[in-house]
Amino acid sequence: MPRYSTLQIEKDPQQPRVARLLLNRPERLNAINEETPRELRAAVEWANAEDEVHVIVVEGAGKGFCGGYDLSQFGQGEIDHPCQQERTPWDPMVDYAYMKRNTEDFMALWRSPKPTIAKVHGHAVAGGSDIALCCDLLVMAEDARIGYMPTRVWGCPTTAMWTYRLGATRAKQLMFTGDTIDGRTALAWGLANEAVSAEALEGATMALATRIAGVPRSHLAMHKMVVNQVLLTMGLEQAQSLATVFDGITRHNPEGLWFRRYAQAEGFKAAVEWRDSGRPIPEGDEARRLMRGLEQRKPR
């Protein structure tokens, strides 16, 4: 089996037609770091090269599926990074190239000729929801949560999958509020294929994967290609380009920089509590004024 630092993949011992891709940073809630997107793509490519494999199940180790990008590094850290440039003027195309590459890596799950199933327990949020929604099918625990809270400040989902999976009305509701929904709601809204108790999640996921695994690989690839082509014709790639540009803007405009300075001064937990509480987010000149005060308080 191939070895990676952020995840692992292997054939299921009882059903070798199913590959199990495990996001494996449980101590960080499987948060996405520099290596995760590349390793995710490599693992999908490995599964597609294995003739015995017909289906890929994506899941998370520990308490949840994936908590999004590791913002102890990208959020409250002091690094100058392609997706958060501060020591030099922000170059939107450098930011775009970095984040577009991550998006393309996540989309390896969507492009994979072999069907992909996200098995979600705990939380699949922010960038973690991107990974889940790039999978073809979604099986959730009833008490699991999925959403993109950074739409309130400091983020725009670069895969743009919410609209394609939910439709405009529901997608706007979640993007405007930054709310998460549980598995029961995801099922009722048509986002999830199944929602079951946490105890039944493994059995339900493997029952679906095993049923699909009995279909010839070529048939699965053709059926998936037809459905994916509809989304491409609807403008998926163009929407992702726009979303990726906007993601960079949300992190470098006054509101985004205020959020980062607040996280650096008060800790990311405090910044998230403000963001998710419903309190108004400082904007414009107010954000600039508060940001200057926070810069003076940052630990050196």
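From a predicted model like this one, the values you see are computed outputs, not experimental measurements.
- Inspection of the Thr6 and Glu39 side chains reveals an N or O donor paired with an N or O acceptor under 3.5 Å.
- Between the side chains of Asn33 and Thr36, at least one donor-acceptor pair of N or O atoms lies under 3.5 Å.
- Judged as a side chain to side chain donor-acceptor pair (under 3.5 Å), and not counting sequence neighbours, Asp51 has no contacts.
- At a threshold of 4.0 Å, the pair Asp276-Arg152 does not count as salt-bridged, since none of the basic side-chain nitrogens sits closer than that to a carboxylate oxygen.
- In summary, Asp285 and Arg289 do not engage in a salt bridge, as defined by a charged side-chain N under 4.0 Å from a carboxylate O.
- One finds a salt bridge joining Arg20 and Glu202 here, because a Lys/Arg side-chain nitrogen approaches an Asp/Glu carboxylate oxygen to under 4.0 Å.
- Formation of a donor-acceptor pair under 3.5 Å by the Asn30 side chain with backbone atoms of Ala61 is found in this model.
- Between Pro37 and Tyr98 there is no side-chain heavy-atom pair separated by less than 4.5 Å.
- Of the possible donor and acceptor atoms, one in the side chain of Lys224 sits under 3.5 Å from a partner among the backbone N and O of Trp110.
- Here the closest heavy-atom approach between residue Pro115 and residue Ile212 is recorded as CG-CG2, 4.0 Å.
- Checked against a 6.0 Å centroid threshold, the rings of Tyr148 and Trp162 do not count as neighbours.
- In terms of modelled atom types and a separation under 3.5 Å, the side chain of Glu59 and the main chain of Val120 share no donor-acceptor contact.
- Side-chain contact between Glu237 and Leu232: present, with at least one pair of heavy atoms (C-beta onward) separated by less than 4.5 Å.
- Side-chain contact between Leu174 and Thr151 is absent, with no heavy atoms from C-beta onward closer than 4.5 Å.
- Contact annotation: the side chain of Leu138 approaches that of Ile146 to within less than 4.5 Å [non-hydrogen atoms, C-beta and beyond].
- Side chains of Arg25 and Asp70 form a contact here, defined as non-hydrogen atoms less than 4.5 Å apart.
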| query | Checking side chain to side chain donor-acceptor pair (under 3.5 Å) for the pair Thr244/Asp247: CA distance, chi angles, key distance, verdict? | reply | CA-CA 5 Å; Thr244 304; Asp247 183 60; over 6 Å; no
